[in-house]
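What follows is a single structure, written as C-alpha coordinates, with notes after it.
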Amino acid sequence: MYTKICATISRVSLKIATVGLALIIICVLYQVFGRYILNDTPTWAEALALLLVLYVTMLGTAVGVRDAGHIGMESLLAICPQPYKTWLEMFIHALVAFFGTCMTYNGAFLAYDSMGYNIPTLTVPEGLYHIPITIAGVLIFMFSIEHIIALARGTEVEPAWH
Amino acid sequence: MALTILCLSFFAALVLGVPVVFAIGLSAVATILYEGLPMAVVFQKMTGGMQVFTFLAIPFFIMAGELMLLGGIADRIVNFAKALVGHVRGGLGMANVVACTLFGGVSGSPVADVSAMGGVLIPSMKREGYDADYAVNVTTHAALVGALMPTSHNIIIYTLACGGLASVTSLILAGIVPALILMVCNLAAAYYVAIKRGYPSGTFPGWGAVIRTGASSMPGLFVVVIIVVGILSGAFTATESASVAVLYALLLTTLVYRSLTFNQFVTALAHTVKKTGVVLALIGISATFGYFIAYYQIAELTGQALATLTNNPWMIFFLINIILFLLGTFLDMAPTILVCTPIFLPIAMKYGMDPVQFGIMMLLNCALGLNTPPVGTTQFIGCAIGEISVEKVMKSILPFYTALAATMFAVTFIPAVSMTLPRLFH
(Lines give C-alpha, C1' and ligand atoms only; values in the text may rest on other atoms or scores of the structure.)
Protein backbone atom coordinates (compact mmCIF):
# COMPACT_ATOMS: atom_id res chain seq x y z
CA MET A 1 0.00 0.00 0.00
CA TYR A 2 2.74 2.46 1.05
CA THR A 3 4.79 1.52 -2.02
CA LYS A 4 1.77 2.11 -4.27
CA ILE A 5 1.25 5.56 -2.77
CA CYS A 6 4.94 6.40 -3.20
CA ALA A 7 4.94 5.09 -6.79
CA THR A 8 1.90 7.23 -7.65
CA ILE A 9 3.40 10.33 -6.02
CA SER A 10 6.71 9.72 -7.82
CA ARG A 11 4.99 9.32 -11.20
CA VAL A 12 2.82 12.42 -10.69
CA SER A 13 5.85 14.44 -9.52
CA LEU A 14 7.80 13.46 -12.60
CA LYS A 15 4.87 14.35 -14.88
CA ILE A 16 4.46 17.75 -13.22
CA ALA A 17 8.20 18.32 -13.56
CA THR A 18 8.15 17.44 -17.29
CA VAL A 19 5.41 20.04 -17.83
CA GLY A 20 7.51 22.49 -15.80
CA LEU A 21 10.56 21.78 -17.96
CA ALA A 22 8.55 22.35 -21.14
CA LEU A 23 7.35 25.68 -19.68
CA ILE A 24 10.93 26.72 -18.87
CA ILE A 25 11.98 26.04 -22.47
CA ILE A 26 8.98 28.03 -23.72
CA CYS A 27 9.84 30.93 -21.35
CA VAL A 28 13.42 31.20 -22.60
CA LEU A 29 12.41 30.81 -26.25
CA TYR A 30 9.75 33.49 -25.77
CA GLN A 31 12.42 35.76 -24.33
CA VAL A 32 14.46 35.35 -27.53
CA PHE A 33 11.30 35.79 -29.63
CA GLY A 34 10.36 38.92 -27.68
CA ARG A 35 13.78 40.47 -28.08
CA TYR A 36 14.24 39.84 -31.79
CA ILE A 37 10.71 39.68 -33.20
CA LEU A 38 8.51 41.76 -30.89
CA ASN A 39 11.36 44.14 -30.04
CA ASP A 40 10.18 43.98 -26.45
CA THR A 41 12.09 41.67 -24.05
CA PRO A 42 9.62 40.20 -21.55
CA THR A 43 11.08 40.75 -18.07
CA TRP A 44 8.89 38.07 -16.51
CA ALA A 45 10.25 35.26 -18.71
CA GLU A 46 13.64 34.93 -17.03
CA ALA A 47 12.19 35.32 -13.52
CA LEU A 48 9.51 32.70 -14.20
CA ALA A 49 12.06 30.28 -15.70
CA LEU A 50 14.26 30.68 -12.60
CA LEU A 51 11.28 30.02 -10.32
CA LEU A 52 10.12 26.99 -12.31
CA VAL A 53 13.58 25.46 -12.43
CA LEU A 54 13.52 25.16 -8.64
CA TYR A 55 10.31 23.08 -8.81
CA VAL A 56 11.62 20.93 -11.70
CA THR A 57 14.97 20.35 -9.99
CA MET A 58 13.58 19.58 -6.57
CA LEU A 59 10.94 17.18 -7.93
CA GLY A 60 13.65 15.53 -10.05
CA THR A 61 15.90 15.27 -6.98
CA ALA A 62 13.15 13.58 -4.96
CA VAL A 63 12.31 11.14 -7.77
CA GLY A 64 16.05 10.45 -8.04
CA VAL A 65 16.02 9.27 -4.43
CA ARG A 66 13.25 6.77 -5.17
CA ASP A 67 14.82 5.59 -8.43
CA ALA A 68 18.33 5.45 -6.88
CA GLY A 69 19.48 7.87 -9.56
CA HIS A 70 21.85 9.99 -7.49
CA ILE A 71 25.61 9.88 -7.94
CA GLY A 72 27.50 8.18 -5.14
CA MET A 73 30.33 5.84 -4.22
CA GLU A 74 29.66 2.22 -3.47
CA SER A 75 33.11 1.19 -2.27
CA LEU A 76 32.16 0.23 1.30
CA LEU A 77 28.79 -1.17 0.23
CA ALA A 78 30.46 -3.34 -2.40
CA ILE A 79 32.84 -5.00 0.07
CA CYS A 80 30.44 -5.20 3.02
CA PRO A 81 29.20 -8.75 3.68
CA GLN A 82 25.56 -9.61 4.38
CA PRO A 83 23.66 -8.97 6.66
CA TYR A 84 25.76 -5.87 7.46
CA LYS A 85 25.28 -4.64 3.92
CA THR A 86 21.51 -4.43 4.40
CA TRP A 87 21.96 -2.60 7.71
CA LEU A 88 24.41 -0.21 6.08
CA GLU A 89 21.98 0.48 3.23
CA MET A 90 19.22 1.13 5.77
CA PHE A 91 21.53 3.51 7.63
CA ILE A 92 22.31 5.40 4.40
CA HIS A 93 18.60 5.77 3.63
CA ALA A 94 18.01 6.92 7.23
CA LEU A 95 20.65 9.64 6.77
CA VAL A 96 18.97 10.74 3.53
CA ALA A 97 15.58 10.72 5.32
CA PHE A 98 17.11 12.91 8.05
CA PHE A 99 18.33 15.37 5.42
CA GLY A 100 14.83 15.32 3.90
CA THR A 101 13.43 16.28 7.31
CA CYS A 102 15.91 19.16 7.55
CA MET A 103 14.85 20.31 4.08
CA THR A 104 11.16 20.18 5.02
CA TYR A 105 11.50 22.13 8.26
CA ASN A 106 13.92 24.76 7.02
CA GLY A 107 12.25 25.13 3.62
CA ALA A 108 8.89 25.73 5.38
CA PHE A 109 10.55 28.20 7.74
CA LEU A 110 12.14 30.15 4.86
CA ALA A 111 8.91 30.08 2.83
CA TYR A 112 6.84 31.35 5.78
CA ASP A 113 9.45 34.01 6.52
CA SER A 114 9.49 35.40 2.98
CA MET A 115 5.78 35.18 2.09
CA GLY A 116 5.32 38.86 2.88
CA TYR A 117 7.74 39.95 0.11
CA ASN A 118 7.05 39.84 -3.61
CA ILE A 119 9.32 38.76 -6.47
CA PRO A 120 9.53 42.14 -8.29
CA THR A 121 9.06 40.99 -11.89
CA LEU A 122 6.41 38.38 -11.14
CA THR A 123 4.46 39.98 -8.28
CA VAL A 124 4.13 36.64 -6.51
CA PRO A 125 5.39 35.95 -2.97
CA GLU A 126 9.11 35.22 -2.55
CA GLY A 127 8.09 32.30 -0.37
CA LEU A 128 7.45 30.38 -3.61
CA TYR A 129 11.24 30.10 -3.98
CA HIS A 130 11.45 27.94 -0.85
CA ILE A 131 8.35 25.77 -1.23
CA PRO A 132 10.11 23.33 -3.63
CA ILE A 133 12.70 22.54 -0.92
CA THR A 134 9.84 21.76 1.49
CA ILE A 135 7.99 19.55 -1.00
CA ALA A 136 11.19 17.74 -1.99
CA GLY A 137 12.05 17.26 1.69
CA VAL A 138 8.72 15.52 2.35
CA LEU A 139 9.10 13.34 -0.76
CA ILE A 140 12.73 12.45 0.02
CA PHE A 141 11.70 11.43 3.53
CA MET A 142 8.83 9.29 2.19
CA PHE A 143 10.94 7.62 -0.50
CA SER A 144 13.80 6.89 1.91
CA ILE A 145 11.39 5.24 4.34
CA GLU A 146 10.02 3.23 1.39
CA HIS A 147 13.57 2.01 0.66
CA ILE A 148 14.09 1.05 4.31
CA ILE A 149 10.82 -0.91 4.36
CA ALA A 150 11.78 -2.64 1.08
CA LEU A 151 15.19 -3.60 2.50
CA ALA A 152 13.57 -4.98 5.65
CA ARG A 153 11.29 -7.09 3.44
CA GLY A 154 14.11 -8.16 1.16
CA THR A 155 12.57 -6.49 -1.90
CA GLU A 156 13.57 -3.59 -4.17
CA VAL A 157 11.84 -0.33 -5.04
CA GLU A 158 10.91 -0.32 -8.73
CA PRO A 159 11.02 3.04 -10.57
CA ALA A 160 7.47 4.22 -11.20
CA TRP A 161 8.16 5.69 -14.64
CA HIS A 162 11.11 4.92 -16.90
CA MET B 1 37.58 21.94 14.59
CA ALA B 2 34.72 23.04 12.31
CA LEU B 3 36.92 22.30 9.31
CA THR B 4 37.61 18.81 10.66
CA ILE B 5 33.87 18.22 11.12
CA LEU B 6 33.18 19.42 7.58
CA CYS B 7 35.85 17.22 5.96
CA LEU B 8 35.35 14.15 8.15
CA SER B 9 31.56 14.11 7.88
CA PHE B 10 31.76 14.62 4.11
CA PHE B 11 34.27 11.84 3.47
CA ALA B 12 32.64 9.50 6.01
CA ALA B 13 29.24 9.92 4.32
CA LEU B 14 30.84 9.49 0.91
CA VAL B 15 32.70 6.30 1.86
CA LEU B 16 29.56 4.90 3.48
CA GLY B 17 27.82 5.23 0.12
CA VAL B 18 25.57 8.24 0.77
CA PRO B 19 24.86 9.97 -2.59
CA VAL B 20 27.20 12.94 -3.08
CA VAL B 21 24.45 15.56 -2.96
CA PHE B 22 23.33 14.35 0.48
CA ALA B 23 26.90 13.79 1.68
CA ILE B 24 27.62 17.46 0.98
CA GLY B 25 24.29 18.49 2.53
CA LEU B 26 24.78 16.46 5.69
CA SER B 27 28.34 17.70 6.21
CA ALA B 28 27.12 21.28 5.73
CA VAL B 29 24.34 20.71 8.27
CA ALA B 30 26.80 19.18 10.76
CA THR B 31 29.21 22.12 10.38
CA ILE B 32 26.44 24.72 10.66
CA LEU B 33 25.16 23.05 13.84
CA TYR B 34 28.68 23.05 15.32
CA GLU B 35 29.11 26.74 14.47
CA GLY B 36 25.76 27.50 16.14
CA LEU B 37 24.39 29.15 13.00
CA PRO B 38 20.77 28.71 11.81
CA MET B 39 20.40 25.59 9.65
CA ALA B 40 18.17 27.54 7.26
CA VAL B 41 21.37 29.13 5.89
CA VAL B 42 22.25 25.82 4.16
CA PHE B 43 18.94 25.71 2.31
CA GLN B 44 18.88 29.41 1.56
CA LYS B 45 22.27 29.06 -0.13
CA MET B 46 21.06 25.89 -1.90
CA THR B 47 18.09 27.75 -3.41
CA GLY B 48 20.29 30.69 -4.37
CA GLY B 49 22.86 28.35 -5.91
CA MET B 50 20.30 26.93 -8.33
CA GLN B 51 18.90 30.30 -9.38
CA VAL B 52 21.42 31.40 -11.93
CA PHE B 53 20.12 31.97 -15.45
CA THR B 54 23.23 30.45 -17.05
CA PHE B 55 22.52 27.12 -15.34
CA LEU B 56 19.28 26.77 -17.29
CA ALA B 57 21.60 25.85 -20.16
CA ILE B 58 22.27 22.56 -18.34
CA PRO B 59 18.77 21.05 -18.69
CA PHE B 60 18.61 22.46 -22.22
CA PHE B 61 21.89 20.84 -23.28
CA ILE B 62 20.72 17.56 -21.72
CA MET B 63 17.34 17.86 -23.46
CA ALA B 64 18.89 18.58 -26.88
CA GLY B 65 21.15 15.53 -26.44
CA GLU B 66 18.20 13.33 -25.43
CA LEU B 67 16.18 14.44 -28.47
CA MET B 68 19.12 13.66 -30.76
CA LEU B 69 19.61 10.33 -29.02
CA LEU B 70 15.98 9.24 -29.33
CA GLY B 71 15.43 10.94 -32.67
CA GLY B 72 17.71 8.67 -34.72
CA ILE B 73 20.66 11.01 -35.32
CA ALA B 74 23.06 8.32 -34.06
CA ASP B 75 22.55 5.96 -37.02
CA ARG B 76 23.14 8.73 -39.55
CA ILE B 77 26.39 9.78 -37.88
CA VAL B 78 27.60 6.17 -37.72
CA ASN B 79 26.90 5.68 -41.45
CA PHE B 80 28.81 8.87 -42.29
CA ALA B 81 31.81 7.87 -40.14
CA LYS B 82 31.88 4.36 -41.69
CA ALA B 83 31.84 5.80 -45.20
CA LEU B 84 34.55 8.30 -44.33
CA VAL B 85 37.18 6.18 -42.58
CA GLY B 86 35.81 2.61 -42.63
CA HIS B 87 38.31 1.59 -45.33
CA VAL B 88 41.38 2.24 -43.15
CA ARG B 89 42.97 -0.70 -41.32
CA GLY B 90 40.81 -1.44 -38.28
CA GLY B 91 38.21 0.60 -40.14
CA LEU B 92 35.32 0.10 -37.75
CA GLY B 93 37.52 1.25 -34.85
CA MET B 94 38.41 4.39 -36.81
CA ALA B 95 34.78 4.96 -37.74
CA ASN B 96 33.92 4.52 -34.07
CA VAL B 97 36.31 7.28 -33.00
CA VAL B 98 35.04 9.69 -35.66
CA ALA B 99 31.38 8.87 -34.92
CA CYS B 100 31.88 9.32 -31.16
CA THR B 101 33.57 12.67 -31.73
CA LEU B 102 30.78 13.88 -33.98
CA PHE B 103 28.02 12.65 -31.68
CA GLY B 104 29.94 14.05 -28.70
CA GLY B 105 29.55 17.42 -30.37
CA VAL B 106 25.81 16.90 -30.54
CA SER B 107 25.23 15.44 -27.07
CA GLY B 108 28.07 17.03 -25.06
CA SER B 109 28.00 14.05 -22.74
CA PRO B 110 30.39 11.05 -22.66
CA VAL B 111 27.68 8.90 -21.08
CA ALA B 112 25.11 9.75 -23.78
CA ASP B 113 27.83 9.32 -26.40
CA VAL B 114 28.86 5.83 -25.29
CA SER B 115 25.21 4.79 -24.94
CA ALA B 116 24.29 5.98 -28.42
CA MET B 117 27.43 5.10 -30.38
CA GLY B 118 28.32 2.03 -28.34
CA GLY B 119 24.83 0.66 -28.75
CA VAL B 120 25.25 0.71 -32.53
CA LEU B 121 28.99 0.18 -33.03
CA ILE B 122 30.15 -2.26 -30.32
CA PRO B 123 27.81 -5.10 -31.43
CA SER B 124 28.63 -4.25 -35.05
CA MET B 125 32.39 -4.48 -34.39
CA LYS B 126 32.00 -7.79 -32.58
CA ARG B 127 30.03 -9.19 -35.51
CA GLU B 128 32.83 -8.14 -37.88
CA GLY B 129 35.40 -10.08 -35.81
CA TYR B 130 36.87 -7.33 -33.65
CA ASP B 131 37.64 -8.29 -30.03
CA ALA B 132 35.11 -7.04 -27.49
CA ASP B 133 37.79 -5.37 -25.32
CA TYR B 134 39.03 -3.37 -28.34
CA ALA B 135 35.49 -2.34 -29.30
CA VAL B 136 34.72 -1.21 -25.76
CA ASN B 137 38.01 0.63 -25.23
CA VAL B 138 37.76 2.47 -28.55
CA THR B 139 34.17 3.55 -27.85
CA THR B 140 34.56 4.53 -24.20
CA HIS B 141 37.68 6.60 -24.86
CA ALA B 142 36.40 8.25 -28.00
CA ALA B 143 33.17 9.14 -26.16
CA LEU B 144 35.09 11.18 -23.59
CA VAL B 145 35.53 13.93 -26.16
CA GLY B 146 31.88 14.86 -25.46
CA ALA B 147 32.99 16.47 -22.19
CA LEU B 148 35.02 19.08 -24.10
CA MET B 149 32.45 19.91 -26.76
CA PRO B 150 30.48 23.19 -26.92
CA THR B 151 27.32 21.31 -25.90
CA SER B 152 28.93 19.97 -22.70
CA HIS B 153 26.88 20.92 -19.65
CA ASN B 154 29.97 20.30 -17.53
CA ILE B 155 31.43 23.47 -19.04
CA ILE B 156 28.52 25.38 -17.51
CA ILE B 157 29.11 23.63 -14.18
CA TYR B 158 32.76 24.67 -14.26
CA THR B 159 31.85 28.32 -14.90
CA LEU B 160 29.85 28.18 -11.68
CA ALA B 161 32.57 26.41 -9.74
CA CYS B 162 35.26 28.90 -10.79
CA GLY B 163 33.20 31.81 -9.54
CA GLY B 164 32.98 33.64 -12.85
CA LEU B 165 36.74 33.66 -13.51
CA ALA B 166 36.17 31.94 -16.88
CA SER B 167 33.34 32.73 -19.30
CA VAL B 168 31.23 30.11 -21.07
CA THR B 169 32.36 31.51 -24.42
CA SER B 170 36.06 31.17 -23.58
CA LEU B 171 35.60 27.62 -22.31
CA ILE B 172 33.59 26.56 -25.36
CA LEU B 173 36.37 27.86 -27.60
CA ALA B 174 39.12 26.46 -25.39
CA GLY B 175 37.71 22.93 -25.60
CA ILE B 176 37.70 22.67 -29.39
CA VAL B 177 41.43 22.13 -30.07
CA PRO B 178 41.93 19.66 -27.17
CA ALA B 179 38.85 17.77 -28.42
CA LEU B 180 40.42 17.48 -31.87
CA ILE B 181 43.78 16.44 -30.37
CA LEU B 182 41.99 13.81 -28.30
CA MET B 183 40.29 12.52 -31.44
CA VAL B 184 43.61 12.26 -33.28
CA CYS B 185 45.27 10.54 -30.29
CA ASN B 186 42.36 8.11 -30.07
CA LEU B 187 42.62 7.41 -33.81
CA ALA B 188 46.35 6.72 -33.38
CA ALA B 189 45.71 4.37 -30.43
CA ALA B 190 42.95 2.54 -32.31
CA TYR B 191 45.16 2.23 -35.40
CA TYR B 192 48.14 0.99 -33.35
CA VAL B 193 46.09 -1.76 -31.71
CA ALA B 194 44.43 -2.62 -35.05
CA ILE B 195 47.86 -3.20 -36.65
CA LYS B 196 49.11 -5.12 -33.63
CA ARG B 197 46.12 -7.45 -33.71
CA GLY B 198 45.94 -7.66 -37.49
CA TYR B 199 42.44 -6.28 -37.96
CA PRO B 200 41.42 -6.00 -41.62
CA SER B 201 40.86 -2.93 -43.77
CA GLY B 202 37.38 -2.22 -45.14
CA THR B 203 36.48 -1.17 -48.65
CA PHE B 204 35.99 2.46 -49.62
CA PRO B 205 32.36 2.98 -50.66
CA GLY B 206 33.28 5.95 -52.86
CA TRP B 207 32.98 9.71 -52.45
CA GLY B 208 29.33 9.55 -53.49
CA ALA B 209 28.50 7.53 -50.38
CA VAL B 210 30.61 9.87 -48.22
CA ILE B 211 28.75 12.93 -49.52
CA ARG B 212 25.33 11.23 -49.28
CA THR B 213 25.79 10.05 -45.67
CA GLY B 214 27.47 13.33 -44.74
CA ALA B 215 24.52 15.32 -46.08
CA SER B 216 22.14 13.07 -44.16
CA SER B 217 23.94 13.60 -40.83
CA MET B 218 24.80 17.28 -41.35
CA PRO B 219 21.45 18.71 -40.11
CA GLY B 220 21.99 16.84 -36.83
CA LEU B 221 25.53 18.16 -36.45
CA PHE B 222 24.27 21.69 -37.14
CA VAL B 223 23.16 21.90 -33.50
CA VAL B 224 26.79 22.56 -32.51
CA VAL B 225 26.96 25.40 -35.03
CA ILE B 226 23.83 26.98 -33.53
CA ILE B 227 25.36 27.00 -30.07
CA VAL B 228 28.83 28.17 -31.06
CA VAL B 229 27.71 30.84 -33.53
CA GLY B 230 24.83 31.95 -31.30
CA ILE B 231 27.13 32.60 -28.36
CA LEU B 232 30.14 33.93 -30.29
CA SER B 233 28.09 36.39 -32.32
CA GLY B 234 26.52 37.74 -29.14
CA ALA B 235 23.06 37.05 -30.55
CA PHE B 236 22.20 34.68 -27.71
CA THR B 237 23.38 33.95 -24.21
CA ALA B 238 24.52 30.37 -23.51
CA THR B 239 21.09 29.54 -22.08
CA GLU B 240 19.23 31.06 -25.01
CA SER B 241 21.50 29.25 -27.49
CA ALA B 242 20.78 25.99 -25.71
CA SER B 243 17.01 26.65 -25.81
CA VAL B 244 17.22 27.37 -29.54
CA ALA B 245 19.20 24.12 -29.91
CA VAL B 246 16.36 22.26 -28.16
CA LEU B 247 13.80 23.81 -30.53
CA TYR B 248 16.00 22.99 -33.51
CA ALA B 249 16.50 19.38 -32.36
CA LEU B 250 12.76 19.02 -31.84
CA LEU B 251 11.87 20.43 -35.27
CA LEU B 252 14.58 18.37 -36.96
CA THR B 253 13.59 15.06 -35.40
CA THR B 254 9.84 15.57 -35.84
CA LEU B 255 9.50 17.48 -39.13
CA VAL B 256 12.65 16.59 -41.14
CA TYR B 257 13.77 13.14 -39.94
CA ARG B 258 10.23 12.25 -38.75
CA SER B 259 11.77 9.82 -36.29
CA LEU B 260 10.65 11.22 -32.93
CA THR B 261 7.27 10.11 -31.60
CA PHE B 262 5.30 11.97 -28.94
CA ASN B 263 6.07 9.24 -26.40
CA GLN B 264 9.78 9.58 -27.13
CA PHE B 265 9.48 13.34 -26.67
CA VAL B 266 7.88 12.81 -23.24
CA THR B 267 10.59 10.25 -22.40
CA ALA B 268 13.25 12.81 -23.36
CA LEU B 269 11.59 15.35 -21.03
CA ALA B 270 11.42 12.79 -18.18
CA HIS B 271 15.08 11.77 -18.61
CA THR B 272 16.07 15.43 -18.62
CA VAL B 273 14.09 16.10 -15.44
CA LYS B 274 15.80 13.19 -13.66
CA LYS B 275 19.28 14.27 -14.76
CA THR B 276 18.53 17.91 -13.94
CA GLY B 277 17.36 16.84 -10.49
CA VAL B 278 20.72 15.19 -9.92
CA VAL B 279 23.00 17.86 -11.42
CA LEU B 280 21.28 21.10 -10.40
CA ALA B 281 20.64 19.91 -6.82
CA LEU B 282 24.34 19.11 -6.64
CA ILE B 283 25.15 22.61 -7.90
CA GLY B 284 22.76 24.13 -5.36
CA ILE B 285 24.16 22.30 -2.37
CA SER B 286 27.73 22.88 -3.58
CA ALA B 287 27.09 26.61 -3.16
CA THR B 288 27.01 25.90 0.58
CA PHE B 289 30.15 23.80 0.34
CA GLY B 290 31.88 26.52 -1.69
CA TYR B 291 31.01 28.99 1.05
CA PHE B 292 32.72 26.79 3.64
CA ILE B 293 35.75 26.22 1.40
CA ALA B 294 36.20 29.98 1.18
CA TYR B 295 35.36 30.63 4.85
CA TYR B 296 37.82 28.06 6.21
CA GLN B 297 40.47 28.95 3.58
CA ILE B 298 40.74 25.32 2.45
CA ALA B 299 42.31 26.38 -0.86
CA GLU B 300 45.09 28.27 0.93
CA LEU B 301 45.75 25.39 3.30
CA THR B 302 45.94 22.92 0.40
CA GLY B 303 48.22 25.32 -1.47
CA GLN B 304 50.54 25.54 1.52
CA ALA B 305 50.59 21.74 1.81
CA LEU B 306 51.52 21.42 -1.89
CA ALA B 307 54.15 24.14 -1.52
CA THR B 308 55.92 22.05 1.12
CA LEU B 309 56.43 19.37 -1.55
CA THR B 310 57.60 21.58 -4.42
CA ASN B 311 57.55 25.11 -5.77
CA ASN B 312 58.03 24.14 -9.39
CA PRO B 313 54.84 25.14 -11.27
CA TRP B 314 55.06 22.13 -13.59
CA MET B 315 55.34 19.77 -10.63
CA ILE B 316 52.42 21.52 -8.93
CA PHE B 317 50.30 21.12 -12.09
CA PHE B 318 51.37 17.49 -12.32
CA LEU B 319 50.42 16.90 -8.67
CA ILE B 320 47.04 18.59 -9.19
CA ASN B 321 46.49 16.29 -12.18
CA ILE B 322 47.27 13.25 -10.06
CA ILE B 323 44.95 14.37 -7.24
CA LEU B 324 42.14 15.19 -9.69
CA PHE B 325 42.63 11.85 -11.43
CA LEU B 326 42.48 9.94 -8.13
CA LEU B 327 39.36 11.79 -7.00
CA GLY B 328 37.85 11.37 -10.47
CA THR B 329 38.15 7.59 -10.21
CA PHE B 330 35.79 7.70 -7.23
CA LEU B 331 33.50 10.57 -8.16
CA ASP B 332 31.48 11.53 -11.19
CA MET B 333 32.30 14.62 -13.26
CA ALA B 334 29.91 17.15 -11.71
CA PRO B 335 30.83 16.56 -8.04
CA THR B 336 34.56 16.47 -8.84
CA ILE B 337 34.31 19.81 -10.65
CA LEU B 338 32.16 21.41 -7.95
CA VAL B 339 34.24 20.21 -5.01
CA CYS B 340 37.76 20.50 -6.47
CA THR B 341 37.63 23.72 -8.49
CA PRO B 342 37.36 26.13 -5.53
CA ILE B 343 40.26 24.28 -3.86
CA PHE B 344 42.71 23.80 -6.73
CA LEU B 345 41.94 26.69 -9.10
CA PRO B 346 43.43 29.37 -6.78
CA ILE B 347 46.59 27.24 -6.43
CA ALA B 348 46.91 26.73 -10.20
CA MET B 349 46.33 30.46 -10.79
CA LYS B 350 49.00 31.32 -8.22
CA TYR B 351 51.46 29.31 -10.32
CA GLY B 352 50.41 31.03 -13.53
CA MET B 353 47.69 28.85 -15.04
CA ASP B 354 44.71 30.58 -16.65
CA PRO B 355 41.27 29.62 -15.23
CA VAL B 356 40.13 28.66 -18.75
CA GLN B 357 43.11 26.34 -19.24
CA PHE B 358 42.51 24.89 -15.77
CA GLY B 359 38.87 24.25 -16.71
CA ILE B 360 39.81 22.18 -19.75
CA MET B 361 42.44 20.31 -17.72
CA MET B 362 39.80 19.62 -15.07
CA LEU B 363 37.29 18.37 -17.66
CA LEU B 364 39.89 16.02 -19.18
CA ASN B 365 40.84 14.66 -15.76
CA CYS B 366 37.22 14.06 -14.87
CA ALA B 367 36.72 12.38 -18.25
CA LEU B 368 39.63 10.05 -17.54
CA GLY B 369 37.95 9.16 -14.26
CA LEU B 370 34.86 8.09 -16.21
CA ASN B 371 36.95 5.29 -17.71
CA THR B 372 38.62 4.15 -14.50
CA PRO B 373 37.21 1.83 -11.83
CA PRO B 374 35.86 1.83 -9.16
CA VAL B 375 33.38 4.43 -10.49
CA GLY B 376 33.87 4.48 -14.25
CA THR B 377 30.44 5.31 -15.61
CA THR B 378 31.20 5.27 -19.34
CA GLN B 379 33.40 2.21 -18.95
CA PHE B 380 30.62 0.33 -17.15
CA ILE B 381 28.11 1.21 -19.87
CA GLY B 382 30.58 0.18 -22.58
CA CYS B 383 31.28 -3.13 -20.81
CA ALA B 384 27.56 -3.79 -20.39
CA ILE B 385 26.96 -3.20 -24.12
CA GLY B 386 30.02 -5.27 -25.11
CA GLU B 387 29.11 -8.03 -22.61
CA ILE B 388 32.64 -8.13 -21.25
CA SER B 389 34.09 -7.70 -17.76
CA VAL B 390 35.88 -4.53 -16.64
CA GLU B 391 38.96 -6.64 -15.79
CA LYS B 392 39.30 -7.85 -19.41
CA VAL B 393 38.88 -4.33 -20.75
CA MET B 394 41.49 -2.98 -18.31
CA LYS B 395 44.09 -5.46 -19.60
CA SER B 396 44.25 -3.80 -23.02
CA ILE B 397 43.50 -0.22 -22.00
CA LEU B 398 47.10 1.11 -21.99
CA PRO B 399 47.27 2.51 -25.56
CA PHE B 400 44.00 4.37 -24.98
CA TYR B 401 45.09 5.73 -21.58
CA THR B 402 48.28 6.88 -23.30
CA ALA B 403 46.21 8.75 -25.88
CA LEU B 404 44.22 10.45 -23.13
CA ALA B 405 47.31 11.19 -21.02
CA ALA B 406 49.08 12.70 -24.05
CA THR B 407 46.15 15.07 -24.59
CA MET B 408 46.00 15.90 -20.90
CA PHE B 409 49.70 16.73 -20.66
CA ALA B 410 49.47 18.82 -23.84
CA VAL B 411 46.62 20.81 -22.25
CA THR B 412 48.41 21.07 -18.89
CA PHE B 413 51.87 22.07 -20.05
CA ILE B 414 51.21 23.89 -23.35
CA PRO B 415 48.80 26.77 -22.67
CA ALA B 416 48.47 27.52 -26.40
CA VAL B 417 46.57 24.25 -26.91
CA SER B 418 43.56 25.52 -25.02
CA MET B 419 44.14 29.27 -24.97
CA THR B 420 44.77 30.08 -28.65
CA LEU B 421 41.12 30.14 -29.77
CA PRO B 422 39.77 32.10 -26.77
CA ARG B 423 42.53 34.72 -27.23
CA LEU B 424 41.88 34.86 -30.96
CA PHE B 425 38.20 35.71 -30.47
CA HIS B 426 38.65 38.16 -27.58
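Note on naming: letters A, B, ... go to the chains in the order of the sequence lines (proteins, then strands), and numbering restarts at 1 for each one. Hydrogens, waters and symmetry mates play no part in the numbers below; they use all other heavy atoms, side chains included.
Smallest separation of non-hydrogen atoms from A:Leu110 and B:Gln44: CD1-N, 3.7 Å. Looking at every heavy atom in both residues, B:Val18 comes nearest to A:Ile92 through CA-CG2, 3.9 Å.
Side-chain N or O atoms of A:Thr61 include one that pairs as donor or acceptor with a backbone N or O of B:Gly277 at under 3.5 Å.
With a threshold of 4.5 angstrom between heavy atoms, B:Leu56 approaches chain A through side-chain atoms but not through N, CA, C or O. Residue B:Ala235 touches chain A through both its backbone and its side chain, counting heavy-atom pairs closer than 4.5 Å. At a 4.5 Å heavy-atom cutoff, B:Ile283 makes no contact with chain A through either its backbone or its side chain. Only the side chain of A:Asp67 comes within less than 4.5 Å of a heavy atom in chain B; its backbone stays farther off. Looking at B:Val273, the atoms closer than 4.5 Å to chain A (heavy atoms on both sides) sit in the backbone and in the side chain alike. Using a 4.5 Å cut-off between heavy atoms, B:Val244 contacts chain A through both its backbone and its side chain. Proximity to chain A is absent for every atom of B:Val42, based on heavy atoms less than 4.5 angstrom apart. If you measure heavy-atom distances from A:Ile24 to chain B, the contacts under 4.5 Å come from both the backbone and the side chain.
The aromatic rings of B:Phe236 and A:Tyr36 sit perpendicular, their planes meeting at an angle over 60°, well past the 30° parallel limit.
A distance below 6.0 Å separates the ring centres of B:Phe43 and A:Phe99.
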